[in-house]
Student: 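Below is the structure I would like to discuss, written out as structure tokens.
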Amino acid sequence: MLSNSIVLNPLFAGLNTEQQIAVSKTDGPVMVIAGAGSGKTRVLTYRIAYLLQLGVDAFHILALTFTNKAAREMKNRIGELVGFREARNVWMGTFHSVFARILRAEADKLGFPSNFTIYDTDDAKNLIKTIVKELNLDPKIYQASLILGRISDAKNNLISPAGYNQNEETISDDKKAGKPSLGLIYTIYQKRLTQAAAMDFDDLLFKTNVLLHNFPDVLYKYQQKFKFILVDEYQDTNYSQYLIVKRLAATNENICVVGDDAQSIYAFRGANIKNILNFQKDYPDAQIVKLEQNYRSTQIIVNAANSLIHNNKDQIFKTVWTANESGELIQLIKASSDLEEGRLIAQQIFEDKMNRQAKNTDFAILYRTNAQSRSLEEALRKLNIPYRIFGGLSFYKRKEIKDILAYFRLTINPKDNEAFNRIINFPARGIGKTTLELITTEAARLEKGYWDILCDLPQNNLGINAGTQKKIREFVIMIQSFQSEIEILNAYDLGSKIARASGLISNLQSDKTPEGISKYENIEALLNGMMEFVAKENNEIQDEESLKNLTAFMQDIALLTDADEKEDEKIEKVSLMTIHQAKGLEFPYVSIVGLEENLFPSIQSIGSRADLEEERRLFYVALTRAEKKVVMSYAESRFRWGNLTFSEPSRFLEEIEEKYLASSNIKKTYSGSASNPNPYKPKTSTRFSSPQTRTSIQDNESTAPKYTKIQSKDSEITNRPNLNFVGASIEELKEKMLVEHQRFGKGEIIKIEGIGSNKTAFVLFDEIGEKQLLLRFAKLRIVK
DNA sequence: TCCGATCTATTTTTT
DNA sequence: ATAGATCGGA
């Protein structure tokens, strides 16, 4: 069993026997089936720390995680255990980021430049739309998102365009579905990606497989390099990922996978639960370790989750149990509408916070779809509870950011047609639709990139008139001037130059709407990020020499995900996110909202048992995020697609054994509070709790529920009627005043600077921290 | 070429 | 509901 040296090793002191085995069995294949809350992350970090302690070179360890954030956190914890010098050298990251790095190093073998572009989902969809158009196919039948899904499926199962077109089954499936051209689209799509020196997300895995398959010397090299491989969230790997791992681990077989079949929630994007179920077949001598003790949650929560998941047929025998206290029953809230649901949940959080001295950060609200966040946000705002939404449109998905990034992309890789499309006439420079069509047609004919056609224009003007030709020439010269400076300027210097020279900055500066200002600020934020990037000490594994240039910056941010966005400031906030995003996280108090048929389980899943079971696992994941208390809610009616729809409680609610549910009579009449509209005067933000103001807002909203209200045409602000944002006159504003901004919420003026039209206020906002506002733009309402 | 009016997809989850 | 795309007229 365990040797003495292990028992006496302080690293093992805090681990139970099973965990100790999982950490210490460093030779040969190991699969850890880790129930929810059973210390999975702990095992992974300790295992790596132990390897380092044994003298394994950090460069020989590869750890694949589900998010970059998970990798970062793990690295930190390992650093704390065995020192950061070593920890930083471990290869740790998502499949996509780790293998993107390897692909860049080996790109020439695949016929790609090392600075290839990574197309995101939008780029990929746009490319598909272009192809569908070119083929004169009906875009309603050949919907970009559906086609991309199909292509993605193929790639995740390592089916190339050729393979796709040879497969009788797919061909006849597509024909039956009325989409016989799918194979052709896939073929062209892939050709265009190569021409654009671009890879989509799935290519990063697909091409890695090609690389490891076609180049035995490369495979050998990485097999020697990665002597120890660890994979987190193994239940959510797809076939393509599975095969990469299998190939890399083939010689040493020092592979440790950690996962929980009960938490597999990504089958919709190709994750294959069989990878975990078949591990023993691939490695007959594998050691299987089961972690079944839950350290996270109360008995009520663990047992309730167990009672739910037992309704699934496909699962690995496992009993999750806990020695924790029994805890509180699960609370179930019934609301009449989504708006009321929001109010009741917010109110419940408010009470729990008061009664238990809990912090905002102790609370999470989890939902099935992002669209559900609206009503919750509104309700939280009214109770002055700060919150943070994860997901939604992330920083890098905003238009203005994508615009400037497109300039960066075209500068780095002029073959990047999607970047080209985005910026060729933005800001408007008189290169219109007609001209563009000439260019794209010619590009398709010659199988060249759009940029190349522009560069050829002096020889072949395609009948473009002289004026437009001049404009094109100016554009070309501008981009070329950026290109010539990639190796000379650092990322920040070149980035700010591009922001100005492209006209993006002046374009936004002329936009005086709040949206325009916030866009301008976002560009500023991006440039600040670039400055940080340049200033930051190089703690990546890349060679010290690697420049902090634009190329490096783009590679740094290409695969960032929502979960990686920097956490802002010090204000403690309630977390709002989808259950998918909550994977791997834990909170003392968790609310799971929208437990209605057709929403959760989602309507798409109801038809098939496999899909339904995935939804159930999703609910299982949600429940097991909670440490102390779970609140569940559903609404009898809800706005969806702008329509009021009626709904039934989710079938999952019946599947939780009743004894774990509080027998609350469910309908807490919120209307009862009418006599006392604001019974819970928030203590948290006494600064702004001028009750008159708030209650007046509340009264307004609660007496006139949204859906009965006739929306006026100038809707922009109708969400918040009676908040008169005409803008206080500049002279009225003084330091220390409490003000409210339409977008940023309430805040205090810290100081006022400047004169005349340049007068600027520094406002510390409750929710988003300090902002500088040019008073001639900012519409502020004086609160006090 | 530009602007406003109208149409349309979106809402399941994401690297 | 709403943002983005598309269309049509000036």
Side-chain angles (χ1 to χ4, degrees), chain A residues 64-71 93-100 118-122 124-126 129 133 139-140 143-146 148-149 152 155-156 199-205 233 236-238 240-241 264-271 366-375 390-394 396-399 425 427-436 467-468 471 515 558-564 577-583 594 598-606 611 614-615 617-619 621-622 638-645 706-707 711 713 715-716 718-719:
Chain A
L64 297 164
T65 59
F66 196 73
T67 62
N68 290 308
K69 191 181 172 201
T94 60
F95 273 87
H96 291 84
S97 64
V98 164
F99 295 112
I118 297 172
Y119 272 10
D120 68 13
T121 309
D122 285 339
K125 278 189 203 161
N126 286 335
K129 278 182 202 159
K133 212 181 213 170
K140 277 178 197 139
Q143 236 180 56
S145 51
L146 293 180
L148 187 61
S152 177
K155 286 188 182 175
N156 287 333
M199 298 192 194
D200 66 16
F201 287 140
D202 303 313
D203 279 341
L204 296 175
L205 307 174
E233 309 281 9
D236 283 326
T237 52
N238 60 36
S240 187
Q241 292 167 318
S264 159
I265 53 175
Y266 281 93
F268 73 91
R269 84 174 195 220
L366 308 182
Y367 35 78
R368 180 66 180 82
T369 69
N370 278 310
Q372 288 167 256
S373 70
R374 278 282 159 88
S375 50
F390 293 70
L393 73 150
S394 80
Y396 291 102
K397 280 183 193 139
R398 294 176 193 174
K399 180 184 180 310
N425 200 30
R429 51 173 67 84
I431 304 173
K433 217 166 76 182
T434 326
T435 312
L436 210 52
T468 310
K471 289 170 188 157
E515 288 75 18
L559 292 165
L560 285 189
T561 60
D562 295 340
D564 300 321
M577 64 185 89
T578 65
I579 301 167
H580 283 88
Q581 287 164 332
K583 173 171 159 154
N598 298 339
L599 179 61
F600 194 11
S602 88
I603 194 159
Q604 288 88 341
S605 72
I606 283 173
D611 289 349
E614 176 148 316
E615 294 284 306
R617 290 193 296 270
L618 195 56
F619 190 25
V621 168
R638 173 179 300 278
F639 272 96
R640 300 234 256 167
W641 302 280
N643 288 318
L644 189 63
T645 58
K706 240 225 206 92
Y707 47 89
Q711 300 261 338
K713 192 81 202 312
S715 59
E716 171 84 325
T718 46
N719 282 346

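Residue numbers begin at 1 in each chain, while the letters A, B, ... track the order of the sequences. These figures come from a predicted structure and were not determined experimentally.
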Student: Hey, can you tell me if A:F268 and A:H580 have their rings parallel, tilted or perpendicular (30° and 60° cut-offs)?
Tutor: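 Because their plane-to-plane angle is over 60°, the rings of A:F268 and A:H580 count as perpendicular.
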Student: Using whole Å, report how far CG of A:N126 lies from P of C:dG4.
Tutor: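 After rounding, the reported distance stands at 13 Å.
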Student: Round to a whole Å and report the spacing from CD of A:Q241 to P of B:dT15.
Tutor: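 To the nearest whole Å, that distance equals 12 Å.
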Student: Just compare B:dT11, B:dT15, B:dT13 and give me whichever is closest to any side-chain atom of A:T94.
Tutor: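 That would be B:dT15.
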Student: Please give, in whole Å, the distance from B:dT15 C1' to A:L64 CG?
Tutor: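 Value for this atom pair: 13 Å.
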Student: Does the ring of A:Y266 lie flat against the base of B:dT13, closer than 5.5 Å centre to centre with planes under 30°?
Tutor: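 A:Y266 ring does not meet the centre or angle cut-off for B:dT13; no stack.
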Student: If I take atom NZ in residue A:K399 and atom C1' in nucleotide C:dG4, what distance separates them, rounded to the nearest angstrom?
Tutor: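 So the NZ-C1' distance, A:K399 to C:dG4, works out to 11 Å.
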Student: Return whichever of A:R374 or A:K129 has its heavy-atom-nearest nucleotide of DNA chain C closer to the 5' end.
Tutor: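 Nearer the 5' end of the strand: A:R374.
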Student: So what does A:E615 hit on the nucleic acid, given a heavy-atom distance under 4.0 Å: a base, only sugar-phosphate, or nothing?
Tutor: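 The answer is base, as A:E615 lies within the cut-off (heavy atoms under 4.0 Å) of a base atom.
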Student: Which nucleotide, B:dT15, B:dT13, B:dC2, lies nearest any side-chain atom of A:F201?
Tutor: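 Nucleotide nearest to A:F201's side chain: B:dT15.
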Student: Please name all residues satisfying side chain to side chain donor-acceptor pair (under 3.5 Å) with A:N126, sequence neighbours left out, ordered by chain then number.
Tutor: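 Residues passing side chain to side chain donor-acceptor pair (under 3.5 Å) with A:N126: none at all.
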Student: Whole Å only: how far is the NZ atom of A:K433 from the P atom of C:dC7?
Tutor: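 Whole-Å distance recorded here is 7 Å.
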Student: When you compare the side chain of A:L64 with that of A:F95, does any pair of heavy atoms fall below 4.5 Å?
Tutor: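 Side-chain contact under 4.5 Å: yes.
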Student: Is the count of non-hydrogen atoms from other residues, nucleotides or ligands lying under 6.0 Å from A:R429 atom CZ greater than 12?
Tutor: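 For A:R429, atom CZ is crowded (more than 12 foreign heavy atoms under 6.0 Å).
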Student: Can you identify which nucleotide, out of B:dT15, B:dA9, B:dT14, has its nearest atom closest to the A:K140 side chain?
Tutor: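 Out of B:dT15, B:dA9, B:dT14, the nucleotide with an atom closest to A:K140's side chain is B:dA9.
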Student: Should A:S145 be listed as having a side-chain N or O under 4.0 Å from OP1 or OP2 of B:dA9?
Tutor: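 Indeed not, no polar side-chain atom of A:S145 lies that close.
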Student: Out of C:dT2, B:dT14, B:dC2, which nucleotide sits closest to the side chain of A:H580?
Tutor: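 The closest nucleotide is B:dT14.
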Student: How would you label the contact of A:S602 with the nucleic acid (heavy atoms, under 4.0 Å): base, sugar-phosphate, or nothing?
Tutor: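 A:S602: base contact, heavy atoms under 4.0 Å.
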Student: Using salt bridge (charged side-chain N to carboxylate O under 4.0 Å, His left out) as the criterion, list what pairs up with A:D122, not counting sequence neighbours.
Tutor: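 With neighbours one apart ignored, the set is A:K402.
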Student: Return whichever of A:R429 or A:F66 has its heavy-atom-nearest nucleotide of DNA chain B closer to the 5' end.
Tutor: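 Nearest-nucleotide comparison on DNA chain B picks A:R429.
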Student: Which residue lies toward the 5' end of DNA chain B, A:K125 or A:F95, if each is placed at its nearest nucleotide?
Tutor: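 Counting from the 5' end, the first nearest nucleotide belongs to A:K125.
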Student: Strictly below 4.0 Å: does A:Q143 bring a side-chain N or O up to OP1 or OP2 of B:dA9?
Tutor: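 Answer no for this pair, as no side-chain N or O of A:Q143 is under 4.0 Å from OP1 or OP2.
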Student: Please state whether the phosphate of B:dT11, meaning OP1 or OP2, lies under 4.0 angstrom from any side-chain nitrogen or oxygen of A:N370.
Tutor: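 Negative; the distance criterion is not met.
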Student: In whole angstrom, what separates A:L204's CG from B:dT15's P?
Tutor: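 Answer to the nearest Å: 13 Å.
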Student: For A:D200 and B:dT14, what is the distance between atoms CG and P respectively, to the nearest whole Å?
Tutor: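 Interatomic distance, CG of A:D200 to P of B:dT14: 18 Å.
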Student: Would you say that A:L204 contacts A:L559 through its side chain, given a criterion of any heavy-atom pair below 4.5 Å between the two side chains?
Tutor: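 In contact.
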Student: Measure from CD on A:Q581 to P on B:dT15 and round the result to the nearest Å.
Tutor: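 In whole Å, B:dT15 P lies 8 Å from A:Q581 CD.
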Student: Output the single nucleotide from B:dT14, B:dT11, B:dT13 whose closest atom is nearest the side chain of A:Q604.
Tutor: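 Among B:dT14, B:dT11, B:dT13, the one nearest the side chain of A:Q604 is B:dT11.
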